[in-house]
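Sequential numbering from 1 along the given sequence is applied to the chain's residues. Whatever order the structure lists them in is the order used to number ligands and atoms, beginning at 1.
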Amino acid sequence: MDEAPTISAMPLFDLIATATFGLENVVARELSDLGYQDTVVSDGRVLFSGTEHDIARCSLWLRSADRLLIRVGEFPAPDFGALFDQTMELPWNELLPVDARFPVSGRSVRSQLKSVPRVQAAVKKAIVENLKRRHPRFRFEESGRLYPIEISLLKDVATLTVDTTGPGLHRRGYRKTAGRAPLRETMAAGLVQLSYWNRERPLMDPFCGSGTILIEAALLGRRIAPGLGRSFLCEDWEWMDRRVFREAREAARAERLPGPVEPLLGYDHDPAAVRLTERNATQAGVAADIRVRRQEISDLTTRKEYGCIITNPPWGERLGDNAEIEAVYREMGRVFEPLTTWSIYVLTACRWFEKQFGRRAARRRKLYNGRLECQYYQYPGPRPPDSRPAAPEQAAGSADSEKAGGL
Ligand SMILES: C[S@@+](CC[C@H](N)C(=O)[O-])C[C@H]1O[C@@H](n2cnc3c(N)ncnc32)[C@H](O)[C@@H]1O
């Protein structure tokens with residue numbers, strides 16, 4: 001008779017939170033804030049360890065990570081023999097039930113095993129051989145639940161993972177329709193966390209589009225777990241105790257705070273974008289925290305002080321044409337100039353942004369919005385007079401100017 005996979009009580013998994021290039025340290029800080037101190041950061045991923053409970057908590061709470069994987073094994077694989085033999089010895093029987101669907105995807109970077117289809121086929125065969133040890137049979141039907149496996153070869157080191165997330169973590173569930181050039185939710189959460197904004201300070205996005213930056217800031221400011229509105233692939237797995245996610249959701253709901261002290265302000269010259277932001281904010285349950293209205297960038301003024309502007313203005317490749325974009329950036333320079341106490345953060349793929357804006361950024365960070373290489377231009381303003389010192393890793397800057405250091 002077939003046995004169910006035998007996961008002993010709360011095993012400790014090696015877990016990988018994947019992240020887009022440039023946001024790895026933001027994800028590591030999120031993990032540290034969640035209580036996971038032993039993280040190892042490398043390109044595109046943060047490694048840590050945890051139980052089923054931790055998988056549930058991190059799925060719900062990680063804001064900037066793309067997905068959460070279980071690392072089943074990692075070993076040198078310079079040839080097919082090494083890849084096959086070592087893959088076959090990994091504990092697949094503990095993870096995959098007899099009817100598991102386990103598609104294998106792969107990639108190979110700077111490795112001797114270059115043929116991804118052959119690498120995938122070798123891994124699939126090795127896993128089948130492993131499963132046959134417990135379930136002797138000719139073939140596996142693969143008619144059950146989904147366990148997506150990835151083989152990643154980097155410099156001849158193989159990493160084998162199972163995806164616990166399903167649709168990427170950016171799919172929060174609140175954005176059914178996006179604007180013309182939307183920002184990923186995970187990226188928007190990263191931009192906010194790379195800034196000095198906190199729930200005590202004004203926040204403005206003068207090019208709000210579908211409202212992603214404002215909504216992610218509201219979720220952060222109200223301590224709402226970004227994954228509360230969706231489900232995750234592993235919830236359905238045979239060995240995942242149903243109580244684990246239920247309890248994690250209950251705990252997350254109990255953490256929610258009332259709205260931020262300052263409303264989050266969004267503007268866009270397109271009335272459809274204004275409506276979209278309102279609809280998305282309502283879906284996300286943060287409509288009361290966000291004020292949005294139609295406004296041209298040239299009309300921007302405010303009496304508020306010590307706020308943060310975090311924005312993703314139009315750029316040539318995706319919206320409008322260059323002359324128009326240049327005019328928009330010049331307007332940004334003009335209308336932001338009087339806001340001497342504000343900190344300004346601009347994500348754009350446009351390489352000549354600073355020239356048109358009229359100021360060199362104190363700091364820049366290369367980030368990818370999808371495949372598009374962007375720069376995050378940072379213009380930190382003075383710290384609010386009555387504020388507590390910034391978090392230690394952020395306080396690396398000077399005393400009178402918030403330098404976004406550390407990450
Ligand atoms: C790159 S999109 C912003 C996307 C947004 N971050 C999101 O996640 O959906 C730029 C936005 O700027 C708006 N926009 C372009 N020119 C503008 C102007 N002169 N004044 C105000 N808004 C403008 C566009 O309507 C568009 O929604």
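- Phe357 and Tyr329 have their aromatic ring centers separated by at least 6.0 angstrom.
- Of the options Met332, His269, Met187, the smallest heavy-atom separation from atom 15 (C) of ligand 1 is shown by His269.
- The ligand atoms of ligand 1 that sit less than 4.0 angstrom from a heavy atom of Gly209 are 5 (C), 9 (O), 27 (O).
- Which parts of ligand 1 touch Asp270 is read off a 4.0 Å heavy-atom cut-off, strictly below it: atoms 25 (O).
- Both the sub-6.0 Å distance and the 45° axial angle are satisfied by Arg359 relative to the ring of Tyr379.
- Defined by atom type and a distance below 3.5 Å, a donor-acceptor pair is present between the side-chain atoms of Thr212 and Arg175.
- For atom 24 (C) of ligand 1, the candidate residues are Leu183, Asp268, Leu276; the nearest heavy-atom contact is made by Asp268.
- For the 3.5 Å distance criterion, the side chains of Thr277 and Asn280 fail to qualify, holding no donor opposite an acceptor.
- Taking the ring axis of Phe102 as reference, the NZ or CZ atom of Lys124 stays within 45° of it and closer than 6.0 Å to the ring centre.
- Considering backbone and side-chain atoms together, Glu296 places an N or O closer than 3.5 Å to an N or O of ligand 1.
- Between the side chains of Ser49 and Asp14, no donor N or O sits under 3.5 Å from an acceptor N or O.
- Close approach to Ser210 involves these atoms of ligand 1, each under 4.0 Å from a residue heavy atom: 7 (C), 8 (O), 9 (O).
- Between Ile213 and ligand 1, a contact under 3.5 Å exists for no N or O pair.
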Return a table of donor-acceptor pairs under 3.5 angstrom between the side chains of residues 56-63 and protein atoms on other chains or two or more places apart.
{"from": "Arg57", "atom 1": "NH1", "to": "Leu34", "atom 2": "O", "distance (Å)": "3.1"}
{"from": "Arg57", "atom 1": "NH1", "to": "Tyr36", "atom 2": "OH", "distance (Å)": "3.1"}
{"from": "Arg57", "atom 1": "NH2", "to": "Leu34", "atom 2": "O", "distance (Å)": "3.1"}
{"from": "Ser59", "atom 1": "OG", "to": "Ile55", "atom 2": "O", "distance (Å)": "2.6"}
{"from": "Arg63", "atom 1": "NH1", "to": "Ile224", "atom 2": "O", "distance (Å)": "3.2"}
{"from": "Arg63", "atom 1": "NH2", "to": "Ile224", "atom 2": "O", "distance (Å)": "3.1"}

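- Some N or O of Asn312 is nearer than 3.5 Å to an N or O of ligand 1, by distance alone.
- A donor-acceptor pair shorter than 3.5 Å can be found between the side chains of Tyr174 and Glu216.
- When heavy-atom distances to ligand 1 are checked against a 4.0 Å cut-off, Gln295 comes that close only through its backbone atoms N, CA, C and O.
- Heavy atoms of Ser298 found under 4.0 angstrom from ligand 1: none, in either backbone or side chain.
- The shortest N/O to N/O separation between Asp205 and ligand 1 does not fall below 3.5 Å.
- Geometrically, ligand 1 and Pro182 share no nitrogen or oxygen pair separated by less than 3.5 Å.
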